[in-house]
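Each residue takes its place number in the sequence, starting with 1.
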Amino acid sequence: MTVTLNAFNVVAARCAAEYLGMHETIEKGNLIYKIDVFLNSSIFHSWKDSIIVLQTTKSMLPLSEELKVVGLCIDAIATKACIDVSKVDWSYTYNRRKVPEENGNDLNCNGFRNRPVPKDWWVEDLCELEIDLYKRVIMNIKTKGILSHEVIGEALKAYSYRRLPGFSKGVIRSGDVIKYRSTVDAIVWLLPAEKGSVSCSFLLKLLKAAIIVDLGEMAQEQLVRRIGQQLEEASVNDLSIRAADGEDVVYDVDTVQKIVKEFLMQDQNAEFESEDNEVQEIRRPGILTDASKLMVAKLIDAYLAEIAKDPNLPLSKFVDLAELVSCISRPSHDGLYRAIDMYLKEHPGISKSERKRICKLMDCKKLSVDACMHAVQNERLPLRVVVQVLFFEQVRATASSGSSTPDLPRGLKDLNIGSHGSSRSAATHPEEDWDAVATAEELKALKGEIAALRMSNGIGGSERNGGDSRNSVDKVAISKMKGLLKSKRIFSKIWSSKGAQGENSGSDSSGSLGSANPEEAKSTPARNRRHSVS
């Protein structure tokens, strides 16, 4: 009887021959010997046949393992994967379209032979293996130490996209959770230790998958640590980790906080080395560049704007995350302002103290002209913030190019710190007046005043005429704001205090918000005309 052996039946034939005891001691040239020769001379020399044979060994376990067929297949595959690409002369699967020729840009349309073999030519064929066999092959490849960690990372990425449905979108579709858990666990375990072996985006997708399949705290902490080391590469979409089922909030902000902490800890880590049985601590200098810090700060600003859309997001989570990156100096706070405005828009019911707390995250001096224009018309902002924005907008408009920003008047400094001053100050303009939301009428009056100030020759003119011009504008502004909050008139006095002595210098140039007459404050019907969102 003629038996044709091939990659699909050779393992079954070998196991059957072993079961029947068809050894050389029984008869020379027996079946076991013939099959072993076929495996070594043909199968293990073929790339795709080796993969097929390895797949068929699963149905013959544990005998195929005892006969070392599994181990021999794994070693043959790993050896071929590590071979110099110039010696690869067999067919392989490569559909990821990473080389220009496969994108239709090949000028030499002579087929496969003229295309250079990529270093990761083997990764797609191995995606056909189940996770347990795949893990053993990758471990064998890593042990040989020939391929770079980037190539290993590319192999893990390709396998994840192939074997985890929905992985590319950061989700895991319904299916065998236990099976998916073992796959995610193996990929995390196989990740090369070198930074940059896989992208931050891939690590975040892996973290999302680990959370969905409930992989365990140790694996998740490992991923958080790895992500923190290259957080500057991430995008807002990458960081958008969904909260667990049953949670009131949409996003898992706590995990993102852990990632940011890991990023910032890179400047604080210490290395421990052992010499002659003595453990020595070696402090590393800061390894974070200003550019990477700035990229992370902008990333978190954009992430805050995204999570602010969640109506159930507690203020504390928003503030805590924003304060984590407050230590990173950035030239513009436009992104942070956008996030704060988005939170105020989606949470109109927060209290005045909460509104004040979230706005203190922002530095009005670092808002662009466009952001200032938006802020002075923003009815969601507390009055103190609008006043600060108007002040700094005027400072910027009047300062000469390259000159330093003038110091704040004492009154506006009090706005920044909350002005818990004397009882006289509190009686004149209570804190709630400044922390309440500015009405449309109040914003209009403030913008009218700033427009009048810009038209004044005293702002950019000589010191001699400055006082008269400012006081003139002061009178116009006070007239326009009649009936509004007393604090608006104090705002005009802050401006007049910047000039020379004028007719009202005794009361207007004090630089304090508490310099107005308390009796006049009592008679002002501002609180009756004011409404607050809180």
Side-chain angles (χ1 to χ4, degrees), residues 332-334 336-338 340-341 344 355-356 358-399 403 405-419 429 431 433-460 466 469-499 508-509 511-513 515-516 526 530:
S332 173
H333 273 205
D334 284 13
L336 184 57
Y337 167 69
R338 176 174 173 266
I340 292 172
D341 181 51
L344 294 176
R355 199 175 296 267
K356 176 182 177 181
I358 193 174
C359 288
K360 284 177 69 176
L361 296 168
M362 176 179 59
D363 186 350
C364 297
K365 295 191 295 292
K366 294 186 176 182
L367 294 182
S368 67
V369 175
D370 291 339
C372 287
M373 290 178 62
H374 186 278
V376 297
Q377 303 177 70
N378 193 341
E379 298 183 14
R380 293 184 284 271
L381 294 177
L383 182 59
R384 77 168 66 239
V385 176
V386 178
V387 171
Q388 289 172 3
V389 171
L390 285 170
F391 172 77
F392 290 119
E393 184 185 17
Q394 181 62 21
V395 168
R396 179 163 44 198
T398 57
S403 62
T405 303
D407 289 336
L408 274 171
R410 181 185 169 191
L412 279 174
K413 286 182 179 179
D414 289 342
L415 289 184
N416 283 329
I417 62 175
S419 184
H429 50 91
E431 277 294 303
D433 288 355
W434 288 109
D435 295 333
V437 180
T439 64
E441 185 181 13
E442 292 164 352
L443 290 174
K444 184 178 179 181
L446 285 170
K447 285 187 288 183
E449 180 185 2
I450 203 71
L453 283 167
R454 284 174 172 170
M455 295 175 63
S456 171
N457 292 328
I459 294 296
S469 299
R470 288 180 177 84
N471 287 318
S472 175
V473 172
D474 186 33
K475 291 179 180 179
V476 174
I478 293 175
S479 175
K480 290 172 69 176
M481 293 185 291
K482 184 179 180 181
L484 293 178
L485 211 66
K486 181 63 179 176
S487 55
K488 309 304 182 302
R489 299 175 66 185
I490 294 168
F491 174 73
S492 66
K493 293 175 184 180
I494 291 173
W495 282 108
S496 65
S497 69
K498 300 288 286 184
D508 290 351
S509 62
S512 170
L513 295 177
S515 59
R530 184 171 182 73

With rounding to the nearest 0.5 angstrom, report the [atom1] to [atom2] distance, [X] to [Y].
X	Y	atom1	atom2	answer
K360	R384	NZ	CZ	8.5 Å
D363	Q388	CG	CD	9.0 Å
D341	N378	CG	CG	4.5 Å
Y337	L381	OH	CG	5.0 Å

Item to check | side chain to side chain contact (heavy atoms under 4.5 Å, CB included) evaluation trace for V385 with M362 | outcome: CA-CA 9 Å; V385 176; M362 176 179 59; 3.9 Å; yes

Checklist outcome for this item: Taking every heavy atom of A375 against every heavy atom of V386, the minimum-distance pair comes out as O-CG2, 4.2 Å

Checklist entry - What are the two closest heavy atoms between L361 and L336, and how far apart are they? => result O-CD2, 3.2 Å

Checklist entry - Quick one: does R338's side chain have a donor or acceptor within less than 3.5 Å of a partner on A371's backbone? => result no

Checklist entry - Can you name the residues that form a side-chain hydrogen bond (donor to acceptor under 3.5 Å, both in side chains) with H333, not counting sequence neighbours? => result none

Next on the checklist: Going by salt bridge (Lys or Arg N to Asp or Glu O under 4.0 Å), name the residues that satisfy it together with D334, two or more places apart in sequence or in a different chain.
Outcome noted: none

